Amino acid sequence: MLDIRRIINEKEVFLQAMANRNANLDFDKLSFLDENRRKLLGESETLKARRNAVAAERPKLLKQGQDVSSLKEEMKAVGDRIKAMDDELRNTEEELQGMLLAIPNIPDSSVPVGNDENDNAIIRTVGEPRKFDFEPKPHWEIGEEQGMLDFTRAAKVTGARFTFCRGLGARLERSVFNFMMDTHAKNGYTEIFPPFMVNRASMTGTGQLPKFEDDAFKVVNTDYFLIPTAEVPVTNMYSNEIIEELPQSFCAYSACFRAEAGSAGRDTRGLIRQHQFNKVELVKFTRPEESFEHLELMTKDAERILQLLELPYRVSLLCTGDMGFASAKTYDIEVWMPSYNRYVETSSCSNICDYQSRRLGIRYRPEQGAKPQFAHTLNGSGLAVGRTVAAILENFQTAEGNVNIPKALHPYMGMSGW
RNA sequence: GGAAAGGUGGCUGAGUCCGGUCUAAGGCGCACGACUGGAAAUCGUGUGACGGCUAACCCCGUCCGAGGGUUCGAAUCCCUCCCUUUCCGCCA
């Protein structure tokens with residue numbers, strides 16, 4: 001959520017940003033609602049001040065034996081007007097709030113302006129895609145042939161876009177996220193194991209609601225949602241708090257659940273687009289002046305995983321039209337996927353600035369005794385586990401149809417003696 | 001799921017029965033000052049968040065778990081919900 005005052009005061013910047021994002025909105029209505037809100041608030045508060053003054057005087061007047069029945073009449077009327085005014089005020093505030101929640105974040109000035117992924121900037125490419133001297137197989141074929149992945153039975157037991165990992169496949173999945181968590185923990189991130197369900201307020205706070213309710217799984221008979229990413233519970237940890245010390249860095253493993261509404265027919269085979277997948281998420285809370293620096297650090301921390309796993313990848317800076325709703329600046333890390341013959345997103349690292357913290361009331365004190373300010377929040381995958389497993393299966397496959405395991409994973413696979 | 005007791009400022013804790021100097025006591029902590037060679041102790045002063053109006057101060061409003069209601073007036077009375085603790089039931 002953006003600051004309404006900033007929207008009004010920096011109208012030109014704001015409108016340009018929205019245009020760059022291909023977002024439409026009614027600025028005049030926004031401006032009217034804001035003015036109307038303050039007008040109603042002022043009138044209501046004047047009446048309340050009168051009510052408070054009379055309420056304080058009344059006992060004294062009574063003690064002096066004065067007649068207060070006319071005051072009582074007046075106050076009855078004042079009370080009714082306050083009620084009516086507050087109703088109108090609430091409606092105005094709800095309408096304003098509704099509009100603000102539907103407005104995406106303003107892209108940082110370093111973000112390239114563009115419409116879609118074709119306008120993203122490639123920042124760096126690391127590692128060379130392997131040249132195969134045989135026809136490489138896609139990971140779902142390797143996984144099924146090796147008895148590591150079973151899509152057919154998962155479809156029977158649950159439905160499309162679910163997978164059984166089995167035997168070494170299950171072991172590999174577990175090894176990969178343990179390796180990720182260990183690596184991040186070693187690099188200063190505090191481990192979190194979060195709830196996999198959150199309430200509506202948390203989903204709204206991080207920006208998944210109200211706009212993207214169709215993408216979420218709702219648990220029946222409750223107001224809980226399955227988390228689409230650990231970003232939601234971990235960022236919400238500090239909602240309505242004043243954080244004592246910044247920065248704070250967390251890594252969290254979780255299963256993630258996404259309805260994938262609107263992606264019917266895309267990536268239907270394999271591990272790339274599932275309703276349930278594992279992910280290790282990085283979340284940071286920082287001072288505003290340090291957040292962009294931390295975005296670079298976080299991106300490198302995520303990249304480190306791919307380097308240690310010896311997987312070729314590239315990093316791109318998303319353009320204004322391709323960025324997520326809440327983000328001010330996003331780097332995507334894409335791993336080389338031989339079966340796709342292209343790079344596939346395996347991490348998205350974003351600086352949200354104060355967009356979430358304003359919604360959530362996440363604050364800090366610049367100095368002891370100073371007024372609380374909104375902290376900045378960042379999040380990034382570190383990394384998506386299923387896609388990483390897919391990349392390992394494809395990039396490390398042998399001509400015989402087997403798969404080698406990257407050295408970094410040997411201790412986790414029970415191969416420490418190799 | 002059932003029963004009971006609770007939820008008050010950064011923490012602790014009084015006030016709730018019986019509505020009105022509650023403008024939330026007292027204590028702890030914290031900040032500043034005095035005292036001191038310096039410190040501890042002691043003494044004094046101050047001590048929240050959010051919003052409105054402001055150049056700023058002042059001032060005003062809101063906040064006693066959340067949301068409604070009663071009333072001229074609600075921390076206090078009524079209703080609904082959430083959470084915590086204990087006991088029971090169930091259970092990995």
Side-chain angles (χ1 to χ4, degrees), chain A residues 1-9 30-101 193-205 209 218-225 233 236-246 248 254-255 354-375:
Chain A
M1 187 165 71
L2 298 171
D3 182 359
I4 181 67
R5 277 174 298 194
R6 188 174 162 208
I7 292 175
I8 303 293
N9 292 338
L30 206 56
S31 168
F32 167 77
L33 286 172
D34 176 53
E35 268 178 50
N36 200 36
R37 182 188 79 88
R38 279 182 290 121
K39 182 172 140 265
L40 289 168
L41 188 60
E43 291 172 11
S44 167
E45 286 185 354
T46 304
L47 289 174
K48 282 175 183 167
R50 168 75 181 147
R51 180 177 67 183
N52 289 344
V54 170
E57 276 303 304
R58 199 182 136 89
K60 293 175 193 166
L61 296 178
L62 277 176
K63 205 175 271 180
Q64 294 166 13
Q66 295 196 25
D67 177 32
V68 292
S69 55
S70 66
L71 264 186
K72 187 169 172 175
E73 291 280 305
E74 184 203 341
M75 285 304 106
K76 176 84 178 152
V78 166
D80 289 345
R81 277 181 62 203
I82 289 175
K83 197 169 290 178
M85 203 143 257
D86 280 351
D87 281 346
E88 201 183 337
L89 182 62
R90 192 178 314 124
N91 289 338
T92 303
E93 276 177 343
E94 272 171 19
E95 199 174 349
L96 180 61
Q97 185 77 355
M99 282 187 79
L100 286 174
L101 288 177
F193 191 89
F196 289 6
M197 296 182 210
V198 295
N199 58 32
R200 180 173 291 275
S202 296
M203 289 286 276
T204 306
L209 297 180
K218 179 88 190 294
V219 181
V220 293
N221 296 331
T222 71
D223 203 28
Y224 297 156
F225 294 83
N236 275 278
M237 275 197 309
Y238 282 118
S239 65
N240 296 314
E241 291 190 31
I242 298 173
I243 303 177
E244 296 282 344
E245 244 188 86
L246 292 177
Q248 298 269 347
S254 86
D354 62 1
Y355 188 88
Q356 288 173 334
S357 59
R358 175 170 287 105
R359 285 189 185 195
L360 287 171
I362 299 172
R363 292 163 297 163
Y364 76 105
R365 292 184 199 278
E367 286 148 42
Q368 188 169 29
K371 277 264 167 206
Q373 305 287 328
F374 290 116

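This one's a predicted model, so the numbers in the text were calculated from it and none came from an experiment. Just the heavy atoms: all of them, side chains too, but no hydrogens, waters or symmetry mates, feed the values below. So you know, we letter chains A, B, ... as the sequences are listed, proteins then strands, and number each from 1.
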Between A:F374 and A:Y224, who's closer to the 5' end of RNA chain B by nearest nucleotide?
A:F374
Within this structure, what is the CG-to-P distance between A:L100 and B:rG51, rounded to whole angstrom?
14 Å
Using distance alone, with no hydrogens and no angle criterion, decide if A:N199 and A:S202 have a side-chain donor and acceptor under 3.5 Å apart.
yes
Whether each nucleotide of nucleotides 53-74 of chain B has a protein heavy atom under 4.0 Å at its base (B), only at its sugar-phosphate (S) or at neither (-) is summarised, 5' to 3', as S------BSS-----S-S-BS-
Could you work out the separation of B:rA66 and B:rG7 based on their P atoms and round it to a whole Å?
13 Å
In Å and rounded to the nearest 0.5 Å, what is the CZ to CD distance from A:F32 to A:E95?
8.5 Å
For B:rC43, the Watson-Crick or wobble partner whose two distances fall under 3.5 Å
B:rG33
Could you tell me whether the side chain of A:R359 and the main chain of A:L101 form a donor-acceptor pair under 3.5 Å?
yes
Under the salt bridge (Lys or Arg N to Asp or Glu O under 4.0 Å) rule, what do A:K83 and A:D80 come out as? Steps first, then yes or no, please.
CA-CA 5 Å; A:K83 197 169 290 178; A:D80 289 345; 5.4 Å; no
As an exercise, state the distance from CE of A:M99 to CD of A:E94, rounded to the nearest 0.5 Å.
15.0 Å
B:rC64 pairs with, by Watson-Crick or G-U criteria that keep both distances under 3.5 Å:
none
Do the side chains of A:I362 and A:F374 get nearer than 4.5 Å, heavy atoms only?
no
Rounded to the nearest angstrom, tell me the gap between atom CZ in A:R365 and atom P in B:rU47.
15 Å
In whole angstrom, give me the gap between the C1' atoms of B:rU8 and B:rG65.
10 Å
A:S254 and side-chain contact (heavy atoms from CB on, under 4.5 Å): which single residue from A:P195, A:P233, A:P194 fits?
A:P194
Could you tell me the separation between the CD atom of A:E367 and the P atom of B:rU47, rounded to a whole number of Å?
20 Å
If you measure from the P atom in B:rC87 to the same atom in B:rG73, how many Å do you get, rounded?
44 Å
The Watson-Crick or G-U wobble partner of B:rG38, with both key distances under 3.5 Å, is none
What integer number of Å spans the C1' atoms of B:rC60 and B:rA3?
47 Å
Considering only atom C1', compute the distance from B:rC83 to B:rU23 and round it to an integer number of Å.
30 Å
Provide the distance between the two P atoms, one in B:rG10 and one in B:rG68, to the nearest whole Å.
23 Å
Base paired to B:rC53 (Watson-Crick or G-U; both N/O distances under 3.5 angstrom):
none
Does a side-chain N or O of A:R37 approach OP1 or OP2 of B:rG51 to a distance below 4.0 Å, or not?
no
Provide the distance between the two C1' atoms, one in B:rU36 and one in B:rU16, to the nearest whole Å.
48 Å
Using the P atom on both, measure B:rA25 against B:rG33 and round to a whole Å.
26 Å
Give none if B:rU76 has no partner; otherwise give the nucleotide forming a Watson-Crick or G-U wobble pair with it, both distances under 3.5 Å.
none
Pairing nucleotide - B:rG15, Watson-Crick or G-U, each distance under 3.5 Å:
B:rU8
Determine the contact category for A:K39: base if any of its heavy atoms lies under 4.0 Å from a base atom, sugar-phosphate if only primed atoms, P, OP1 or OP2 are that close, otherwise nothing.
nothing
Enter the distance from A:F225:CZ to A:M197:CE here, rounded to the nearest 0.5 Å.
12.5 Å
Write down the distance between CZ (A:R363) and C1' (B:rG10), rounded to a whole number of angstrom.
13 Å
In the structure shown, which nucleotide is the Watson-Crick or G-U wobble counterpart of B:rA3, with both distances under 3.5 Å?
B:rU86
